[in-house]
Amino acid sequence: MVLKKWYGQHLLLSKGVISKIAQEAYFTPEDIVVEIGPGTGNLTEEILKYPIKQLHLIEIDKDMVEVLNKNIKDDRVFIYNQDATKFNLCSIGKQIKVVGNLPYNVASLIIENVIFHKECVIVALFMVQKEVAQKIQKGPSWLSTFVRTFYSVDYIMSVPAKFFVPPPKVQSALIKLSRLTQAPNFDLKAYKSFLTRIYANKRKALKNKVDIEILKRLNIDPMQRVDQLSLDQVKDLFLEHGKTFKAEV
Ligand code: SAH
């Protein structure tokens, strides 16, 4: 079949890498699993070797969905011809594991969507562009902070381009997000808009972005830049900011 570049179609053919992804998910017979971008089903078939309860496939390309319908005959499988950047993951289950060799052009949007459904996602294992993996793990970026507020991020391994067909121009990496047992109960839309605002123009001093009184209350030097803040400081800033905001209304 002809692969579609605009859908980020780079099929993972390495049996070793495929089995490593499945192993890292530590599947159990109770697991409800979601695979994003299953493509022709290479990883799908590996996941189905495990005694999981259900496997839900979210694939945007109807040609791929046709291939999947033909190739995958298993009662545990449910296929959705939909866009994973917008999919309501909580409609599938309350405690799901999400896996996928993601389409790199929309990987960040898919990860963001997972965070918006954090109530239902306990673990996510994603193959992404190596730079994206490193940036999510270390920051600084609004998305990295958004993710790390609710999940611990493990960098599992780098994966060279030659393991994909066609090989992408960039290197890849497998990352694992594990939901933290103690995470704040933030309004996610408000938190996202706060983070995107403070992480814009990273070189500007914080005093240009956040009320100076708030910075003083938290003992943060107003001349500091956002990339000098710890994760806890960012969370505290958001909380203080929220209080002031409410007091103003
Ligand atoms: N998992 C397969 C294919 C990975 S390529 C393998 O490893 O071989 C990425 C897949 O994601 C493609 O099948 C592509 O059609 C699909 N895709 C691209 N954008 C998507 C989106 N927004 N939502 C769901 N699937 C998408």
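Numbering of ligands and ligand atoms starts at 1, following listing order. Worth saying up front: this structure is predicted, and the values here are computed from it rather than measured.
Ion pairing of R203 with D227 is absent here, as no side-chain N (NZ or NE/NH1/NH2) approaches a carboxylate O to less than 4.0 Å. For E30 and K53, the salt-bridge test fails: no basic side-chain N is under 4.0 Å from an acidic carboxylate O.
Using a 30° and 60° split on the angle between ring planes, F194 and H241 fall in the tilted class, from 30° to 60°.
Under 4.0 Å from any atom of ligand 1, one finds heavy atoms of residues Y7, G8, Q9, H10, L11, L12, E35, G37, P38, G39, N42, I58, E59, I60, D61, Q82, D83, A84, N101, P103.
Partners of F186 under the ring pair (Phe, Tyr, Trp, His ring centres under 6.0 Å) rule, at least two apart in sequence or in another chain, are Y191, F238.
Within the 4.5 Å cutoff, the side chain of M127 has no heavy atoms near those of the I175 side chain.
Q137 places no side-chain N or O within 3.5 Å of a backbone atom of Q134 that could act as its donor or acceptor partner.
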